[in-house]
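Step one of this worksheet: look at the structure below.
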Amino acid sequence: MSGSKNIVYQVAPGGRLSGSARVPGDKSISHRSIMLGSLAEGTTEISGFLEGEDAIATLNAFRAMGVAIEGPDGGRVTIHGVGMHGLKAPAGPLDLGNSGTSMRLLSGLLCGQSFDVELVGDASLSKRPMKRVSVPLGEMGAVIETAEGGTPPLRIRGGQALKGFHYEMPVASAQVKSSLLLAGLYAEGRTCVTEPAPTRDHSERMLSGFGYGVERDGATACVEGGGRLAACAVDIPADISSAAFFLVGASIAEGSDLTLEHVGINPTRDGVINILRLMGADITVMNEREVGGEPVADLRVRSAKLKGIRIPEDQVPLAIDEFPALFVAAACAEGETVLTGAEELRVKESDRIQVMADGLKILGVDAEPTPDGMVIRGGAIGSGRVDSRGDHRIAMSFAMAALRAAGPVTIDDCANVNTSFPGFVELARACGLSIKQED
Ligand code: S3P
């Protein structure tokens, strides 16, 4: 994985974002398209696939399990599905790099196979909590061994008879929900998952798209084991989580007027739009349409004077990946922004509360981390050198902060931007950010 190379971003201060841009394909949907396409009967044609390292890690895992996959080539992938029981034992451990989604979703899917498998990841993934999936999967009859402390590597024993059950999730996590539903496809009877707050529902939508019945009743989603998936075409929208950096950048940089094309605006993902609008952002949702079972739109964003807010806790799961960018918006807003109820940010690719607070302080921003969020008093952004700690979203967020900085911003450890946003530097530059990359 690219994480071993230190990529440094040098961003000159000022500028504005304008024109139109299409950010890469949705990461969550890209992962799921490979998983369901591989298990389907027939040939699945995918367009708009994210050619980033995380989604490629999922793709390579299925290749290693014997699935013939062509591409990716310009976002196109063709999968020759092997059916629910057609996967083969891989020759060695499956390396999922930096990708938490691959590891958590695959654990559910793989505990219903006939073979043993080991899942490994990079230094960041190897520190992330996996008991949130291994414990409930164990209740279904799966046998999964984690390292001490409940972290990867995961050793999954095949040939287990899984039983459906009803799980009340203690955390609002789409990865846990999806992992259990994928295990549920292989379980006897019905598997139901109830979430404490709405989380992204791409798995449910895509299972339906592949002809697999998912029953939804309020906060509960259920599947019946033993069904089949039928191949279909999957058109993946641009990732709202990647668009978020540009939504924030154009909001904070005076004179900006930028249109982001074909962005997925699934209501379980649109917290960043809602929160930015509450702060006074000028975002217009245009040409709303539905593509492959997912709502899509073009987003026009113009610069605006932002104000600090208390972020509604019900928006937290709907914007869970967008807080690094939203903290930068808060740093440019007038007054205080308070985030609570977001302790999950501490177990993402980095501890996003601590790492963002550290970087913001280096840039002269009044940012106080709390156990479950942050208090930021908006004001001037200075200049300096910050460390992204190998977290893609933190690197891109600080790049946007330079639009309002007094001097240059240097960002260390940016190689992992390639996990979710290949071509970020080129696209950001085309929109008006003065960013250079050094090895
Ligand atoms: C994801 C769910 C979220 C999110 C992650 C992708 C998914 O994680 O942070 O980037 O694709 O299901 P949690 O489910 O752990 O909140």
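Source: prediction; values computed, not measured. Read the numbers this way: they start at 1 and go in the same order the structure lists the ligands and their atoms.
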Test side-chain contact (heavy atoms from CB on, under 4.5 Å) applied to F327 and L345, step by step
CA-CA 12 Å; F327 292 152; L345 294 181; 4.1 Å; yes

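- Counting heavy atoms closer than 4.0 Å to ligand 1, residue K177 contributes nothing at all.
- Residue-level proximity to ligand 1 for R32 is carried by the side chain, the only part with a heavy atom below 4.0 angstrom.
- Close N/O approach between S173 and ligand 1 is found [any backbone or side-chain N/O within under 3.5 Å].
- Residue contacts with ligand 1: A174 is placed with a nitrogen or oxygen under 3.5 Å of a nitrogen or oxygen of the ligand (distance criterion only).
- Checked by distance only, ligand 1 and D321 come closer than 3.5 Å through their nitrogen or oxygen atoms.
- Salt bridge D298/R289: present, at least one basic N to carboxylate O contact under 4.0 Å.
- No N or O atom of K27 sits closer than 3.5 Å to an N or O atom of ligand 1.
- Contacts between K348 and ligand 1, counted as non-hydrogen atom pairs separated by less than 4.0 Å, involve the side chain only.
- Contact atoms of ligand 1 toward I320: 9 (O) (distance under 4.0 Å to a heavy atom of the residue).
- Note on R352 versus D391: salt bridge recorded, some NZ/NE/NH1/NH2 to OD/OE distance being below 4.0 Å.
- A salt bridge is absent between E261 and R22; no separation between the charged side-chain nitrogens and carboxylate oxygens falls under 4.0 Å.
- Between the side chains of Q113 and H85, no donor N or O sits under 3.5 Å from an acceptor N or O.
- Residues D239 and R269 are paired through a salt bridge, judged by an N-O separation under 4.0 Å between the basic side chain and the carboxylate.
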